[in-house]
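Note sheet for the following structure.
The chains referred to below are lettered A, B, ... by the order of the sequence lines, with proteins before strands, and numbering in each begins at 1.
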There are 2 protein chains.
Amino acid sequence: MKEEKSEIVITSLDDIARELGLSKSTVSRALSGKGRIGAQTKARVRQYVKKAEYKPNLIARSLAQSKTYNLGVVLPADSDLAEKPFFQVFLLGVCEAASANDYDVVVTVVVEKDISALKNLVRNKKVDGIILTRLLVHDYAAAYLKRSGIPFLVVGSSSDESLVQVDTDHESACENLTSLLLSMGNRRMAVVIGSDEHAVNISRYRGYAKVMENRPEGICREIVFQNVGSKTAIDKSVEGIMKEGADCILCGDDIICSQVLSKLNAMNIRIPEDIRVASFYDSAHLKYNNPPITALEIDVKELGVIAGQSLIDKISGKPFTRRTILNYQIALKKSTQ
Amino acid sequence: MKEEKSEIVITSLDDIARELGLSKSTVSRALSGKGRIGAQTKARVRQYVKKAEYKPNLIARSLAQSKTYNLGVVLPADSDLAEKPFFQVFLLGVCEAASANDYDVVVTVVVEKDISALKNLVRNKKVDGIILTRLLVHDYAAAYLKRSGIPFLVVGSSSDESLVQVDTDHESACENLTSLLLSMGNRRMAVVIGSDEHAVNISRYRGYAKVMENRPEGICREIVFQNVGSKTAIDKSVEGIMKEGADCILCGDDIICSQVLSKLNAMNIRIPEDIRVASFYDSAHLKYNNPPITALEIDVKELGVIAGQSLIDKISGKPFTRRTILNYQIALKKSTQ
DNA sequence: AATTGTAAGCGCTTACAATT
DNA sequence: AATTGTAAGCGCTTACAATT
């Protein structure tokens, strides 16, 4: 008898309803928990569903509810970002949050100003909300999403109050690291930082500048290098910095830092004896460097989890935080001793 | 008049049909190109759709066709992999191929042997096919997907003929690099390689072993380190290698290599004067290292594109290649001169 | 024979009606 | 009043029928 029953493949609410002598809607209510439903029936349906290993068709549910239960994550494919593990680790965090809420994660790519893939994702209604993993100063993607009306969230800080934001407070983190290094005896603090089209680089520089402005000598333009992209540009800035006799180099991120280290190494300059080095962003390579590099540490995966959860809260109409700021740590290592 | 027309928001085939005095099915055929349809009507519908900026509801299409137009990509979240940009760059490649075929990409995460998220993705029918981005020697995910019957593809090499595979020929690549380094005068070639639960590490070691076995001295067990995971284990292996007087170290991948470099640096051992170093996998950090490191180069993004396209071909019943082997390059750098 | 329309179906949700 | 059922709807596709 059992064998006979298990021969019937249960693929829809209709099947269950027929087997249990109920109507489709009752079964639906028993499973969703929405609407009035008798406790007994509910238990009976749920038990049956479990035994029959029935899995509801989420596509059908999507169509009926106009919800996809998908989160969109936008990854930048600019060549200089491709190697940064930030996005990958962040993505794992989002997946974790999504998974815990029965959502899935759809990724899409924007290259520089080409947001056509993102547009398709939104217009085709493939996702219920979007996470932008980086924010440009003039961000096309954010502007488009605002117009579109879809719930979205940016990783990054912006003065635009209408944006839901999740970020570390880069500015104050960099401010703290900079003044800490000053208090440790460094005087001429150089900085090498990436494109100021990226909001994060602006914040980081601002943190540095805030401290230096209040120093008697002020900001020394000769040892400040912004908009540094290529390896060549970094090499040049390091040469300039050494010529100017700086005693500490602050690097905008891990990639810049490892290139700065490479150049210093090639110039036979010792760390920390000849110059101190610190980075505004950490990575495994800086940890394993010899000497290990002082850096700001962020729990990127946690950032992803929080971003995912916040977006889901926003989508489901729960109260959500308009601006979530994550903690950071200053990891003092041998490179600044 | 135009204003009046544009007030009507076109959201479904029904709307278009009404506006054009046609039936829903005719409109559907005009847009899909399937079934018999008059050339005039086809043009008329398409023109209207363009003007009205109509976007079909893909969820509805999914339900009707039992197709999602989604590709699933499985990312491993094992802690030692989180920092590897391989997966990120590969993912960008898959997105590119997907995008070109009007597919989207859903990512999911497996942690060690926990494939529950993958199971949900498959059971909930959220994707039409799956890409496994790494292959274990005993791969739970691959075994499950085989049972489930969903089209899937693995990045990696396996003797299992039933698996659709995309990979570099790691074995012959490592074989070539090893014999090249021998021909350059190195005699005692050490190797440091990761967990042999990963198929790729087995292949790489096999390439190395194939060459060394044919040497008069054979494989020297004292300078072969497999299953090396932690930084501590790597440090120990480097110490052992130096004690045994090896003249060249082959690293299983970029992460291992940068940790080996860190240790060598700490021991004040010069490259290439005191020892040569090469890696079986490349990354930006090895390029920027001083000296730059000889390594095998793979076009990972291209690998992603090919994997994505192959899977789509398989899904759509087109002929697909059961095993695609990508090219590699040996980048000779100063570290082995 | 070529083109278009009718109607059922994909598997859910949900307002409303009907039953106890 | 509490529970369950009826029927319409979400927006497509597609077999088959009907029209020219």
Can a salt bridge be assigned to the pair [X] and [Y] using a cut-off of 4.0 Å between side-chain N and carboxylate O?
X	Y	value
Glu53(A)	Arg123(B)	no
Asp78(A)	Arg134(A)	yes
Asp167(B)	Arg323(B)	no

Which part of the nucleic acid, if any, lies within reach of [X] when heavy atoms closer than 4.0 Å are counted: base, sugar-phosphate only, or nothing?
X	result
Lys24(A)	base
Arg36(B)	base
Leu22(B)	sugar-phosphate
Thr11(B)	sugar-phosphate
Ser12(B)	sugar-phosphate
Thr41(A)	sugar-phosphate

Please identify the 5'-most and 3'-most nucleotides of DNA chain D with any atom under 4.0 angstrom from a heavy atom of chain B.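 Listing 5' to 3', DNA chain D meets chain B from dG11(D) to dA15(D).
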
All stems with DNA chain C, defined as three or more consecutive Watson-Crick or G-U pairs under 3.5 Å: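 DNA chain C forms these stems: C:1-20 with D:1-20.
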
Donor-acceptor pair, Asp313(A) side chain versus Lys318(A) backbone, under 3.5 Å?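 A pair under 3.5 Å: no.
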
Please answer whether the main-chain N or O of Ser159(B) pairs with a side-chain N or O of Gln165(B) as donor and acceptor at a distance below 3.5 Å.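 Such a contact is absent between Gln165(B) side chain and Ser159(B) backbone.
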
Flag the pair [X] / [Y] as yes when at least one side-chain heavy-atom distance between them is below 4.5 Å, and no otherwise.
X	Y	answer
Ile130(B)	Leu71(B)	no
Glu19(B)	Tyr48(B)	yes
Val107(B)	Cys95(A)	yes
Gln309(B)	Phe320(B)	no

Name the residue closer to the 5' end of DNA chain D, choosing between Ser25(A) and Ala39(A) according to the nucleotide with the nearest heavy atom.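 Here Ala39(A) is the residue nearer the 5' end.
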
Which is more 5' along DNA chain C, the nucleotide nearest Gly21(B) or the one nearest Ser66(B)? Just name the residue.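 Comparing both residues, the 5'-ward one is Gly21(B).
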
